[in-house]
There are 2 protein chains.
Amino acid sequence: MVVTVLSLHQLRCFLATYEHGSLTAAAAELGYAQPSVSEQIRALEKTLDVPLFRRVGRGVVPTTMADELRPHAERTLAAADEARRAVASARNFETGTIRFGMFGTARLYAGAGLVADVLERYPGVRVELIGQNSTDVQEDLRRGRLEAAMIAVPAASSEGMSVTPVAKDELVYISADPAHLATPVTAHRLSLAKLVMPETTWRAVDSTRMVLRQMLHETGRNPMTRIEVEDVETAVELVGMGLADSVIPKGAAVQLLPRLAPGAGYVSLRPRQYDSLAVVHRAGATLSPAARLMIELATARIRQIAEPYDPR
Amino acid sequence: MVVTVLSLHQLRCFLATYEHGSLTAAAAELGYAQPSVSEQIRALEKTLDVPLFRRVGRGVVPTTMADELRPHAERTLAAADEARRAVASARNFETGTIRFGMFGTARLYAGAGLVADVLERYPGVRVELIGQNSTDVQEDLRRGRLEAAMIAVPAASSEGMSVTPVAKDELVYISADPAHLATPVTAHRLSLAKLVMPETTWRAVDSTRMVLRQMLHETGRNPMTRIEVEDVETAVELVGMGLADSVIPKGAAVQLLPRLAPGAGYVSLRPRQYDSLAVVHRAGATLSPAARLMIELATARIRQIAEPYDPR
DNA sequence: CAGGAACCCTAGGTCTGACCTATGGTTGTG
DNA sequence: CACAACCATAGGTCAGACCTAGGGTTCCTG
């Protein structure tokens with residue numbers, strides 16, 4: 001024997017029939033031919049193994065089983081409709097969650113503004129800015145947990161990833177000693193400086209570190225840090241206390257120095273060095289509207305702060 | 001473009017995939033081949049017009065849309081399941097409503113007991129005993145509002161109906177005057193009596209009246225009532241007050257006389273007359289379990305009180 | 001009371017879509 | 001670098017969702 005399975009369509013036919021007391025009327029309402037509705041009802045009666053209507057000369061009359069079924073049928077259809085609506089409204093950013101990866105320097109001074117931008121346009125959404133470190137974010141992207149991200153990359157290339165640079169963020173030398181800031185800092189001076197550097201856990205892969213290593217390597221110097229800390233804020237505070245100097249993205253310096261190290265200032269490196277801020281996602285993926293939105297907003301916001309990307 | 005429509009099956013596939021993070025695992029759980037689940041998910045994504053999973057090298061990862069959909073999908077499937085269970089338990093008389101037609105004399109003294117019988121066996125059900133008068137009940141049966149009924153019928157026959165007599169209920173003469181009860185009451189004495197008769201609205205079709213008309217007609221007498229009332233209780237009270245005598249089913253007399261007319265008694269007619277208590281339903285209908293249950297219990301209950309049907 | 005209207009059902013035919021197996025392309029792993 | 005794990009595609013089968021056409025009741029009406 002063939003087992004049919006409960007379907008929303010059957011429930012719709014059932015309710016229309018129940019309300020009209022007539023298969024013909026139900027079929028008219030649903031836009032089907034009468035035998036089609038008849039068949040659905042029969043199928044439903046078969047799957048539930050219960051008579052739902054008594055066929056009496058004119059029209060049909062619901063049985064007590066039908067009375068029992070009706071509220072549940074309505075609830076089920078309502079739930080299904082609710083599901084549709086929930087997804088539809090999420091798709092239109094009226095509700096739902098927008099998740100975006102954003103690591104380190106970018107998030108540090110564009111994060112709050114970016115969230116504000118999103119909420120202004122779509123007040124109903126939840127926003128998640130994900131990412132401790134660019135390595136983590138890359139991992140999340142690779143595993144599919146994140147669809148797209150804006151991160152700092154030392155070079156604009158990564159395996160299997162589409163990397164689109166949108167801005168460059170200058171790396172500046174910060175110090176509480178005005179003498180250290182009189183002229184741009186060369187690789188030579190940098191190699192002699194007492195430095196405090198953040199992102200200790202990620203020091204091997206951190207984008208700023210990689211840029212500095214590259215700079216020093218070209219002049220035959222070795223990087224040497226006096227203090228290692230985890231977060232940029234701590235590093236800046238230590239600079240403010242005159243215990244060391246540091247190199248951080250200019251955007252971070254502008255934002256953090258007045259607050260955490262009022263007496264300190266910054267100066268460029270010579271030659272100037274840059275982090276590249278890029279939009280990254282899996283190569284070959286078609287981006288969702290949410291991701292496109294975030295990329296657009298994040299790009300605009302970043303470009304207000306950092307210099308536009310200039311391919312050298 | 002073809003529009004697919006949301007289906008429970010799609011939601012099931014979606015949830016399985018969401019939970020396992022894998023189409024293959026979902027297919028295994030659901031007992032399908034992997035491409036089948038894949039197809040369902042794709043259909044669902046198409047009907048909702050949103051991507052639900054990102055296909056990443058190994059497995060699939062739910063998008064935020066999927067996060068949004070999941071609770072609704074669960075609720076919808078739960079509601080559908082609830083519907084199944086509700087009907088199933090109603091079918092097993094664990095809950096739900098049992099509706100049964102039962103008119104006049106039968107209900108009068110078997111109704112409460114019958115309801116008790118049903119509730120004892122199936123504590124969860126609702127019971128509806130429907131019917132003011134047998135004519136109403138016949139109408140309800142014909143229109144399909146009632147599936148089956150136990151009613152008093154003058155003769156065991158009715159158009160388009162299956163009538164199965166189960167008992168006969170003797171009609172007795174009741175009076176507060178002992179002299180009236182000394183010997184069985186003949187048609188002659190009946191035609192001379194001052195009578196109060198109930199069921200005024202239905203006097204033309206009432207089963208007891210039809211039996212009496214038949215009895216008097218055979219001896220050339222005309223029926224004559226002194227008082228017409230609607231319900232048997234009132235008639236019995238009037239008999240108790242000595243204002244008139246009456247003819248009612250014996251079961252009703254046994255039950256009502258001690259309570260409503262303590263001084264009154266009853267005596268048979270000569271020849272004895274009977275209402276026929278019969279199970280009635282539409283000819284050719286297959287009866288539901290609920291109806292069969294009610295017929296069984298009502299028959300048992302009635303036979304404890306009235307004499308078994310004896311085809312003459 | 002005959003005819004028609006308003007229902008239902010059945011029969012038989014078309015076509016979508018649910019499902020399968022087989023196979024090819026990616027990705028991650030020993 | 002081969003292998004395992006996983007998803008997508010292709011192509012074929014079959015159930016079932018739909019239709020039209022027509023037959024049987026019931027009920028109303030002239």
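Order of the sequence lines fixes the chain letters, A, B, ..., with proteins taken first and strands second; residue numbering starts at 1 for each chain. Only this structure's heavy atoms are used, side chains among them; waters, hydrogens and symmetry mates stay out.
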- Verify the contact: side-chain N or O of Q34(A) to OP1 or OP2 of dC9(C), cut-off strictly under 4.0 Å; return yes or no. yes

- Note on the structure: Assert: residue with more 5' nearest nucleotide on DNA chain D, out of E39(B) and S22(B), is S22(B)

- Query: When the distance from NZ of K46(A) to P of dC9(C) is rounded to whole Å, what number comes out?
  - Reply: 16 Å

- Message: Whether S38(A) contacts dC8(C) is assessed here as follows: a side-chain N or O lying under 4.0 Å from the phosphate OP1 or OP2. Is that the case?
- Response: no

- Message: Please report the distance, rounded to the nearest Å, between CZ in F14(B) and C1' in dA18(C).
- Response: 20 Å

- Task: Identify the heavy atoms of L52(B) and L48(B) that sit nearest to each other, and give their distance.
- Result: CD1-CD1, 4.5 Å

- Take atom CZ of R42(A) and atom P of dC8(C), then tell me their distance rounded to the nearest Å. 12 Å

- Between dG28(C) (P) and L141(A) (CG): distance, integer Å: 13 Å

- Item | Aromatic ring proximity F14(A)/H72(A), centre distance under 6.0 Å | no

- Query: Nearest-Å distance, CZ (R55(B)) to P (dT9(D))?
  - Reply: 9 Å

- Task: Using a heavy-atom cut-off of under 4.0 Å over every strand shown, decide if G31(B) touches base, sugar-phosphate, or nothing.
- Result: sugar-phosphate

- Task: Using atom CZ of R54(B) as one end and atom C1' of dC7(D) as the other, report the distance to the nearest whole Å.
- Result: 16 Å

- Answer yes or no: does a side-chain N or O of S36(B) lie under 4.0 Å from OP1 or OP2 of dC20(C)? yes

- Please give, in whole Å, the distance from dG17(C) P to H9(A) NE2? 13 Å

- Which heavy atom in A167(B) sits nearest to a heavy atom in I302(B), and how many Å separate them? CB-CG2, 3.6 Å

- Message: Counting C-beta onward and ignoring hydrogens, is there a side-chain heavy-atom pair between R84(A) and L6(B) closer than 4.5 Å?
- Response: yes

- Task: Starting at atom CD1 of I41(A), determine the distance to atom P of dC7(C), rounded to an integer number of angstrom.
- Result: 16 Å

- Item | H281(A)-F100(A) aromatic ring centre distance below 6.0 Å | no

- Of the nucleotides dC7(D), dC18(D), dA11(C), which has the atom closest to the P35(A) side chain? dA11(C)

